[in-house]
Structure formats: C-alpha cells, structure tokens
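Report on the following structure.
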Amino acid sequence: MSERTLSVDLGRGLRLRTPVLVASGTFAYGFDAPLIDRARLGAIVTKGTTLRARDGNPPTRIAETPSGMLNAIGLQNPGVAVVRREYAPRWAQWDLPVIVNVAGDRVDDYVEVARRLDGVPGVAGLELNISCPNVAAGLQFGLDARLAAEVTGAVRRATALHLMVKLTPNVTNLAAIASAIADAGADSLSAVNTFVGMAIDVRRRRPVLANVTGGLSGPAIRPLALRAVWEVAATVRIPVIGIGGIASASDALEFLLAGAAAVQLGTVNYVNPRAVAEVVEGIEQYAADHGFADLSAFPLRPSVVPSHA
Amino acid sequence: MSERTLSVDLGRGLRLRTPVLVASGTFAYGFDAPLIDRARLGAIVTKGTTLRARDGNPPTRIAETPSGMLNAIGLQNPGVAVVRREYAPRWAQWDLPVIVNVAGDRVDDYVEVARRLDGVPGVAGLELNISCPNVAAGLQFGLDARLAAEVTGAVRRATALHLMVKLTPNVTNLAAIASAIADAGADSLSAVNTFVGMAIDVRRRRPVLANVTGGLSGPAIRPLALRAVWEVAATVRIPVIGIGGIASASDALEFLLAGAAAVQLGTVNYVNPRAVAEVVEGIEQYAADHGFADLSAFPLRPSVVPSHA
Amino acid sequence: MSTAVLAQATVLAHTRPMEGGEELVLAHPEGARRARPGQFFQIGVDAKGTLLRRPYSIAAIDPGRGRLSFLFSVVGQGSAWLSGLSNGQAVDLIGPLGNGFVIDGGTSPVCVAGGLGVAVFPPLVDALVRAGRPPIVLQGARTGSRLLPDDRFAGASVQVATDDGSRGWRGSVVSLLRTVAAPSQEWFVCGPTPMLRAVIRLAGSVGVSLDRIQVALETPMGCGMGTCLGCVVPAAAGGYLLTCQEGPCLRADQVAWDRITDAFHE
Amino acid sequence: MSTAVLAQATVLAHTRPMEGGEELVLAHPEGARRARPGQFFQIGVDAKGTLLRRPYSIAAIDPGRGRLSFLFSVVGQGSAWLSGLSNGQAVDLIGPLGNGFVIDGGTSPVCVAGGLGVAVFPPLVDALVRAGRPPIVLQGARTGSRLLPDDRFAGASVQVATDDGSRGWRGSVVSLLRTVAAPSQEWFVCGPTPMLRAVIRLAGSVGVSLDRIQVALETPMGCGMGTCLGCVVPAAAGGYLLTCQEGPCLRADQVAWDRITDAFHE
Ligand SMILES: Cc1cc2nc3c(=O)[nH]c(=O)nc-3n(C[C@H](O)[C@H](O)[C@H](O)COP(=O)(O)OP(=O)(O)OC[C@H]3O[C@@H](n4cnc5c(N)ncnc54)[C@H](O)[C@@H]3O)c2cc1C
Ligand SMILES: Cc1cc2nc3c(=O)[nH]c(=O)nc-3n(C[C@H](O)[C@H](O)[C@H](O)COP(=O)(O)OP(=O)(O)OC[C@H]3O[C@@H](n4cnc5c(N)ncnc54)[C@H](O)[C@@H]3O)c2cc1C
Ligand SMILES: Cc1cc2nc3c(=O)[nH]c(=O)nc-3n(C[C@H](O)[C@H](O)[C@H](O)COP(=O)(O)O)c2cc1C
Ligand SMILES: Cc1cc2nc3c(=O)[nH]c(=O)nc-3n(C[C@H](O)[C@H](O)[C@H](O)COP(=O)(O)O)c2cc1C
Ligand code: FES
Ligand code: FES
C-alpha cells in the first residue's frame, strides 16, 4: 500500500499524510519528545495556548489511576505572542502541519488568539479547546450548545484557518452540542477531551491534585471516548477526529471504524514513543488485509461525511 | 474497635452494620456468590427488577476494557412477582438487609413495582434505577432533573420503604439532578451507575456488544465516580452511597473521605470474593489508626448530612 | 457451583504438549477432589490492563496426587501471563465451577474435539473408561503437531483428523464423525461454534437425537458464578441460559442453535 | 534530554544491598555511555492497572562494561513489578533524561543523602573523585542495616547517621551535616522534602549560599520528557520549573522553597 492511501483531507486546506495526530498537551509545542517518529505523523496539535502567558496550576498536577491518569496542568503556556514570534517560524520549516490548540476565558480571548494566528506561516489550523476541565473558565463553552456555537461562530469570523473544535464528553447530550458547533462553521470536530475526575490521598487526607479535580485520560476512557465518537460521527457532516485512550493500532482502528476521519494520540506518547509508528503501520496493514483503497472504506456505517480525499 | 463503630443509619429505618454493600447486578438476588463473606456486609442490593419478567439483551453482553468492563445485560430478571413470592420470604430469614433495585420504562412501572414490594417482609429498601444505560427506556429519568424528581416523588408516595435513588453520571449537571431528587423525597442517593461506552471488534468489523453500547464499570471509572460523589455529597443533605470501581480498602476510603456515608462494591465481586471483607477490615483499621469513633469523622469536608447514627 | 473454593495453587509443571498448546499442572488437592469432567475454574491473571478472571476447563484431574491441569493457547494478555508462569509460582483460582458432563447416560459414547476444545476431554474419557464405557475419541486440528497426544486418552479408541492430512483423516473432525456416527451413540462435543453447528446438523442427518448430545460451551464470562448474567446462550425454551451456571456442559436440545451468536469464532 | 534513547535492557543482577533497598544491574551499553550523574531513566513497568513509566535515578554507571544500575524500594505496584524481575529478563528504558549534577563548580564537595535518595550518589562521587575532588559523603537512614554500604563510595570520606544510633552519628543526616558544614563547601543533596528543607535552613545558618547547593528533586512524572508539564516545582523566579527537564538536579536558589509542596513525603 502506498502512503497516499492513508492521507486525509480535513477540509479548508488541512491535508494530512496520515490520520494519526498527537493530541494537545502531550507533545508541548513539538520541540521535545525526540523519540517519536515524525515521518509517520499526520499533524501535531500544540499545548493549549492563551492570549497571555499562564503559569498553570500549583503541583501536584498529575496522578495515576487504573489504566489512566488525572491531570490538572491548568494551561501553563507562554501565550500567543511567543507562539507566533518564536515557534511558528520554526514550524514553517517543517514538513508537518502544526495545529494550535486555543483556549480562553471569554469569547473575546478565543477570537483574539485566533486573529493573531491567522495567516501566520507555520500555523496549519486551530483546535478550539472549549473543553479544558482544569481552569476556572473555558469549559463552560463546551457544556452548552448555544455557548459552543457562539464561540465557534466568533472564531470562524476571525480566521481563514482550518477550525477544529474539541468537544468535552462531560455532557448529557453530546450530539446536540456537536451539531450546533458544526452549524456554527467548524471545519472538523475532535472528540474527546478528558473526563472530570478526582483522586484522594487517604493517608494525607486531602485531594491528590492541588486543583482538587482533574481530567482523566488514557486507556481507561477509551470505551467512553469511542462511544462519543460513534455518536458524533453519526450526527454531523464534518470530519470527526477521535481521541481518548488510544494505545495501539487496534484501538485506533476502533475509532476509524466508529466513523472517525483521523485520530489523536495523547497519553500513550508519554509511555510508548513507538506508538505513533505502530498505529500508522497497523492502519496500513488493516487496509491491506481488507483490500481498502483509502480511509473512506473503514467506517462500519456509511459515512455521512462527504469524502475530501 | 467495636463493630458498632462502622454502623450507619441511612434513614427511614435502614440501618447497616457496616458501610459496605454489594452493588446491583453483581450479586444477583443474593443466593449465589457463596464465597463472599456475608458477615461483614452492610446490605445486598439486588439485580434490577421490573414489573414483568425480562429476558434481557442478546449476547454478546459483556466486554473487558482496560481496567474496566462494559455490560449490556438489559435487565434480565424474573419480574417483581417472583421476587415477592419466592425471594423475599428467604431474605426475611437473613440477618442482612436486602434492597431491591427497581427499574422500569414509565413512571407507572416504577410505582407499581414499589407498591408490590411495600411492606413485604424481607425487603429492606428500594434502590430506584433511573440510570440503566442498557435498555431502551429508563435512563431518560436520570438525565433530566424534572423527570428524575417526578419518578422519585411518585415512588415516594407509593412506599414507606427506604428510598435510595441511583444516579447516572452521564449528565452535564449532576448536582442539579441530585438536588431535585432529594427534594422529591429520596432518603438517600447512590452514585454512580455505569458510564455509557462501547467497543468495536475490528477483526469482525462490528460492535462487540449486541446492544452496540454498554455501561462501563470497574477501576477505570473510579476517579470519575469519586468526583461525582464529591460533588453530590457537597450538594445534598441526605446520605450518599458511593459506587464505582472500588476494589480495595483504600479505594473505599477515598469515597468515604469524599463524603459518602457508605459504599457499594460491584465489579470487584466478580474478581475478588475477598473484597468485601478486605474493605471492611481496611475501614476499621483506618478508623483505629486515626482514632475515629465512627464514620462521621471520615469526610474531608464537614458533612452537610445530619448524623443518623 | 456451590462446591467452588477460592485457593492459591502452586505451579508444579508448565509444559507444551502440542504446538499452540501449553499446559499448567497445579497443586490443588481440594480442587482436584471436587472437580468433575467438564467443569472449569476462574483463574486470576495479573496482567497489565486486565480486570476479569479467565475461565479455563479442567484438562486433568488427579485427586490422588492433589493435582489439576489446564491446557491453553496464548490469544491475549491473560493467556500470555499464564504462559509466563514457572514452577513454584502461585495462581489464584476459583472453582470448580459450572455443570460438568452427565456421564450416567446411554451407551456408545463418542467424544468430538475441535482445536483447544480438546482440553475438556481427558477427565471425561477417564471417567467414562472407569465407568466401563470406553469412548471413541475424535480429535481434529489444523495439522498433526497441534493434536493433543493420544496417550492422554488411555483406554479410549482415538482417531484424529487434520485439515492438511498430516495425521489421520484429512478434513474436519465433523467429517470424520460422519464416518463413525450411529443413531445409538451419545456424543460429547467441544470446539469452535461453527464446528458445534456442523455437529448439530450432522446429528439430524444421521439420526442422533439432540438430547443425546452434550456440548461444552464457551462464552465471554464476567463472574463465572451466576451473578453478572453476562455469559448467556439462547435457550431452546426461550430466553437464555447461563453458560457458567447452567453450563458450560449443556444438552444440545437445551440450546437455540438458530439464535446462537459466534462471540469468538467465525 | 536530547541524549535519551529507547532500549530494551537485560537484567544482569538483582541484589539487595541493604534492608529496604534492591538493586537492578542492567546491560545497556549506549545508556551507560550517555548517562551522567544525577540523571534518571523512565522505566516501563508491566504491572496490573498501571499506565505510566516509573522514574529512577541512575545508581551506578559503568560505561566500560556497558552497565547501569538502579536502586529502589518497593512502595507500590510498579516497584513491586521491578522487584519480581530476574536475570535475563528485559526491561524497557527511556533515558538518560534530565539534567544531572554540575560538577565543574567550587571546591570541598559534600554529598548529603537521606534514605533512598542515596541512589543518585555513587555515580556523582565517582565523577568527583575522578575530577580530583573527593567529597565528604554523609548518608542518613533509620537504622544501620538500611544504609548503602560505604564501599559504594570509593575514594570519598564517608560518615553515616542513623535515627536509632545503630551506626555512626545518632540523629538525622542534617544534624550530622551541621557538624561538618563550612561556608566554603559545595553541597549535593538528595532525600525527602522535609530533609531538603532542613538542609536549606541549615545553609542559611552556616553561611553556605544557595547557589552552591544542588538538589536532586523527585516529583510525580507523567512523561519525563518535558511534554506533559506535570512535574513542576515552584521557581524562585516565579512560575514553575520542570523537574524532568530543567531538573531533576537544580541549584537550590532556583527553587521557591516556601512554595514547594510535599507531593510524596510528610
Ligand atoms: C467455560 C470456558 C472454558 C474454557 N476453557 C479453555 C481451555 O481449556 N483452554 C483455552 O485455551 N481456552 C479456554 N477458554 C477460553 C479462554 O477463557 C480465553 O481464551 C481466555 O479468556 C482469553 O484470555 P486472554 O486475556 O488471553 O485473551 P483476551 O485478550 O481476553 O482475548 C483475546 C482474543 O481471544 C478471544 N477470546 C476471548 N475469550 C475467548 C474464548 N472463550 N474462546 C475463544 N476466543 C476467545 C477474544 O475475543 C480476543 O479476540 C474457555 C472459556 C470458557 C468460557
Ligand atoms: C527523578 C526521580 C528519580 C527517582 N529515583 C528513585 C530511585 O532511585 N529509587 C527509588 O526507589 N525511587 C526513586 N524515585 C521514586 C520512584 O519513581 C517512585 O517510588 C516510583 O515511581 C513508585 O512507583 P510504584 O508504582 O511502585 O508506586 P506507586 O503505586 O506509584 O506509589 C506508591 C506510593 O509511593 C508514593 N510515591 C510515588 N512516587 C514517589 C516518589 N517519587 N517519591 C516518594 N514516594 C513516591 C505514592 O505517592 C504512593 O503513596 C524517583 C523519582 C523521580 C521523580
Ligand atoms: C497532561 C495533559 C495535558 C493536556 N493538555 C491539553 C490542552 O492543553 N488542551 C487540550 O485541548 N487538551 C489537553 N489534553 C487532553 C488531550 O489532548 C486528550 O484530549 C486527552 O488526554 C484524551 O486522550 P488520551 O487518552 O489519548 O490522552 C491534555 C491531556 C493531558 C494528559
Ligand atoms: C454486569 C453488571 C450488571 C449491572 N446491573 C445493574 C442493575 O441491574 N441495576 C443497577 O442499578 N446497576 C447495575 N449495574 C451497575 C452497578 O450496580 C454499579 O453501579 C456499577 O457497576 C459501578 O460500580 P463498579 O465499578 O463497582 O462495578 C450493573 C453492573 C454490572 C457490571
Ligand atoms: S459469567 Fe457471570 S453469570 Fe455467567
Ligand atoms: S514529567 Fe512530563 S513534563 Fe516533566
């Protein structure tokens, strides 16, 4: 099978050579993690980036749970100015699209970050993080269809870049929110961000995380994320990027079969730097075994997404 | 420490000698699982019981996931008549309260089951299952504060038994739903039921479960369940019973510290029949180590629940 | 089920009696005393990411020396963990569980084994031989090296079938069964679901009534003890049977073969 | 960090050099060549329920024979898994990671080790001795049997402190440090957070400036490679430092000691 077969066009000019991305917050700004094979990567999604630099939450910020981890980093990042001035020019040299994950407290924050990144060489798209459970504000946009549509629409008007919107699973009716975001002009949806969880240190009698609650990621959430993608992919007509607990080729295939156009690998990158390569190879092998010409043949249900490829 | 120290009064006459129950669906009707030490058990919660007998869903009904399992049993049960006629008389001989988990499609179903169990010797209380993700109807009550209050109120009027209502975590605003249920007359809340998830058999290209989606239980969900309990316990003034992924004494202590008055052990009973005894012993040891006279000293936050003990 | 005990059993031997098959011999005197042919144990596996125990048929029962054995192939993380066990290590077991084969039935027993399904037969053959009813044993596999050696069926008349013809009959074990089938026989069957179906069809055509066939079934299991209701097979009488409690050995006429799903085997 | 490699290393020896401490010696030529004192590796553990790698300091570097070692105590599932490893088994390693100690500094080095924190010192002492600056090594533990044997610090002047007085100075290693402290010294410190705090306080009272103290820190780690931002310690300059990338060895004046939290130690 040629590599072309694994390419995916997410729309508005965002073409990926493979359907495997690294998820926000698990690859920083793409300059670290030298052990990961970039040649097989479809794109990098950066750490959540805000208008002004943020220190993030005090420690303890992470805790391991069964087959999962909680994090409450709190969007530690250098702010959009540094990203634009120092990082983007380096990305522009790369043969690999970089999508900037954008976070904020108010609609205006998102719009301003988007505006500053619009047309900047090296920035291939935006992923709107309206789903971070670890900061005082920001998550509320992902919890409500009207607010989600509002921030999506406002950012849409501020940028010509590919606009991916990242869903939070911590809701009653994900499909309704996904529809509202699609209608408001998103080019794609990524699903899902972390699930709000908590751990208590019984010996010290206090929550483990300084932030009390944190977001659960890793294999533990895979079945929940998969069902979210299955539901969203059946609802919207834009590409859905599956995220949540993917650790192997077989896991990634579950998401592609559920209707995802591509996948993001997060926590697994901390544990197994070979994961990206293994997943891409496994997808290639699956296509070969099944005689599939391209990714459009993967989903179990006829996709409602118009083929971009 | 005397056993008295671990006793808990959940209200309306439901007194437990220990705060450790077995969760619905993991102990059938209490006649199986001979390896579990009943002497240390606070109560048994039965399999979900409906007005009429149900066959349940076709197989495949279960699937293992990382540190978790999906199930879509679909409320296979013999119906309330059999429970009343054949099981309750046997329970009445036991020195162990049995709480019947009640499920239905419509408010009337719940009310009718409750009415038939009211005053039946051997039935110590009801747990209202408005949160089963594996049947066509029933879950909707748990997703909406108004519907949840409606079914709770209707059942409240139909029975003098202790009324525990079991929350589903698959919602945006759990605290609001919990409040509505408490206001409608529930004596206690149990939190949580399973999280909706899914698995795909990539080789056979079909969902693993015949029901497509199923409920995720086991250690994987513990951090999510714990946060739900932490939130609900801070909101309502009735006892909260913590459920979700408890596999060890330390896990159970996390829930008691988060504000739970008691805990239910579910999936772990399939794996480790010693779990109930280990958890009770671990709670006793913790109380001894900390010089706690009873369970009211466990929560990290001053409890808003009036002490029943 | 009520005979099940929870125990730590020590590994006495770990061998590879055939290609694709490993055997663990465990010291478990009480288990060996209680175990009956066709029953199974729930084995605790300490493998990364797993949660549930793994069900395994009892492949040998030696109450005299207080030993049990299990025969398995590596198909996933749990069996890979079993494969890493060595002598002296402890294994956490619950069992014996479920209903075994009923062996007080008719005459002319025939045991039909497909693949690793052969694991249930050594104790059954032993019991039949001791009951004075030595069976015919038909064992099928892809190739000769994947067959459990004949000497595990002392006293029985063993015939084998291989897909590639490398040993015995060339073809499926069901096509071999056709050559020996007679209406007077009683059949004991264990193997992949498609094979079970084929046996059921053959029974109709050769006149063996379904109430004279016992099948040992495999389904995914949550508990193995009748509490999760996860292990059902469709019942001929409507509704479902619990494989772990009413089975794993069932009379073929109890099962709704037209509604059975292939949880594991194509 | 950029020197890290991913490798499978084979266990050459698994010993117990002291009570409460086990040591794994691994064959890892490339790792041994690249490793510097104070750096760490992320070790993959195959234990039930775990997800993340476990960070361990390099307790011995032998580039000549291509060996590394790690010294650990069993505190949870990951370390219990390490404890079950035997010769010949493979371990998945990423490293060396982080910034080690800077050893081109002043004169009169003193190494201060509390508990298992001693693990970082054998390679450092070795490097200091080879640089012609043999250090004083102060090692503290609860009791004598829990001390790493003195011969692991060849060429250094070793003094020990035990809480129960069973060997050497009776009392904490910090109270022992007080007896040898002098403003001209350079300190290298590793141990529980309360001990680090006590060393910082002592430094103030004896006039050792914080920029002449290097501490090896431990925090929970997600990645060990600078991508998760989970391992922060409060920085004196405001904001946070990444223990895995800017540390684990930091100059004491880089750290905001008043804001540091005890993630692990009371
Ligand atoms: C009553 C009973 C008796 C059994 N006796 C034996 C026996 O004697 N020897 C033996 O080798 N196996 C036996 N099995 C099957 C055995 O339980 C499974 O192979 C085992 O649970 C797989 O665990 P794993 O973690 O290695 O694989 P998993 O990771 O759980 O599964 C790996 C793959 O194997 C498939 N699989 C899982 N369970 C089965 C199954 N029951 N049959 C076929 N494929 C399966 C899965 O779908 C998956 O594709 C028995 C099962 C039952 C229910
Ligand atoms: C840079 C670095 C170097 C380290 N070097 C060593 C070393 O050389 N030798 C050694 O034995 N340990 C060392 N540690 C600590 C070691 O990483 C942990 O003890 C280990 O991760 C525990 O894993 P576990 O699965 O056994 O325990 P877990 O189940 O993860 O934890 C069990 C208990 O240990 C506590 N714990 C977890 N991490 C630490 C920690 N870092 N320090 C103290 N308690 C902890 C947990 O809070 C919990 O109470 C180092 C840590 C870091 C960050
Ligand atoms: C430590 C950490 C930091 C994260 N930071 C961000 C972030 O800044 N923005 C964001 O949208 N998602 C962030 N995420 C969420 C991931 O991108 C991903 O949605 C989630 O971890 C689920 O995928 P996984 O299970 O593969 O990790 C973070 C996750 C982790 C574990
Ligand atoms: C196989 C299975 C069947 C269940 N059946 C029911 C049920 O009938 N009614 C109910 O309220 N909850 C049911 N549950 C949910 C459990 O009672 C419990 O809320 C859930 O499993 C989380 O706890 P755990 O992680 O300890 O298992 C079932 C769970 C499992 C695994
Ligand atoms: S496996 Fe749980 S009821 Fe059969
Ligand atoms: S451990 Fe992940 S950034 Fe340091």
Side-chain angles (χ1 to χ4, degrees), chain A residues 63 65-70 133 142-144 168-174 177 195-203 205-208 212-216 218-231 245 247 249-258 282 286 289-290 298-300, chain B residues 63 65-70 133 142-144 168-174 177 195-203 205-208 212-216 218-231 245 247 249-258 282 286 289-290 298-300:
Chain A
T65 67
S67 298
M69 70 177 277
L70 291 166
L143 298 179
D144 181 280
T168 172
N170 301 289
V171 298
T172 311
N173 193 339
L174 190 58
I177 295 170
F195 290 74
V196 189
M198 165 172 194
I200 289 177
D201 184 329
V202 299
R203 197 162 61 79
R205 294 184 54 76
R206 65 177 187 216
V208 173
V212 180
T213 61
L216 186 67
I221 68 167
R222 174 158 46 81
L224 309 183
L226 183 69
R227 178 264 181 169
V229 167
W230 174 263
E231 189 174 310
S250 168
D251 298 345
L253 287 166
E254 286 195 77
F255 284 84
L256 297 177
L257 268 60
Y286 191 84
D289 290 348
H290 289 77
F298 278 58
L300 297 187
Chain B
T65 67
S67 297
M69 70 176 277
L70 291 166
L143 299 179
D144 181 280
T168 172
N170 300 289
V171 297
T172 310
N173 193 341
L174 189 58
I177 295 169
F195 290 75
V196 189
M198 167 173 193
I200 290 176
D201 184 330
V202 299
R203 198 162 60 80
R205 294 185 53 76
R206 66 178 187 217
V208 173
V212 181
T213 60
L216 186 66
I221 67 167
R222 175 158 45 82
L224 309 183
L226 183 68
R227 180 264 181 169
V229 167
W230 173 263
E231 188 174 310
S250 167
D251 298 346
L253 287 166
E254 285 194 78
F255 284 84
L256 296 177
L257 268 59
Y286 191 85
D289 291 349
H290 289 76
F298 278 58
L300 297 188

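This one's a predicted model, so the numbers in the text were calculated from it and none came from an experiment. Per chain, numbering begins at 1; letters A, B, ... match sequence-line order.
- Minimum heavy-atom separation, B/Val202 to A/Tyr286: O-OH, 2.6 Å.
- Between B/Val171 and A/Thr172, the shortest heavy-atom distance links the atoms CA-OG1, 3.1 Å.
- Between B/Ala220 and A/Leu216, the closest heavy-atom pair is O-CD2, 3.8 Å.
- Summarising the geometry, atom CG belonging to A/Asn173 is positioned 11.5 Å from atom CG belonging to B/Asp144; distances are rounded to the nearest 0.5 Å.
- Rounding to the nearest 0.5 Å places CG of B/Leu300 at 11.0 Å from CZ of A/Arg206.
- Looking at B/Phe298, the atoms closer than 4.5 Å to chain A (heavy atoms on both sides) all sit in the backbone: N, CA, C or O.
- Checked against side chain to side chain contact (heavy atoms under 4.5 Å, CB included), A/Ala258 has the following partners two or more places apart in sequence or in another chain: A/Leu226, A/Val229, A/Trp230, B/Ile200.
- For the atom pair A/Arg203 CZ and B/Leu253 CG, the distance stands at 13.5 Å (nearest 0.5 Å).
- For A/Pro207, the parts lying near chain B are the backbone and the side chain together; criterion is any non-hydrogen pair under 4.5 Å.
- At a 4.5 Å heavy-atom cutoff, the contact between B/Ser250 and chain A is made by backbone and side-chain atoms alike.
- Between atom CG of residue B/Asp201 and atom CD of residue A/Glu254 there is a gap of 8.5 Å, rounded to the nearest 0.5 Å.
- Only the side chain of B/Leu70 has a heavy atom closer than 4.5 Å to any heavy atom of chain A.
- The line from CG of B/Asn170 to CG of A/Leu174 is 11.5 Å long, rounded to the nearest 0.5 Å.
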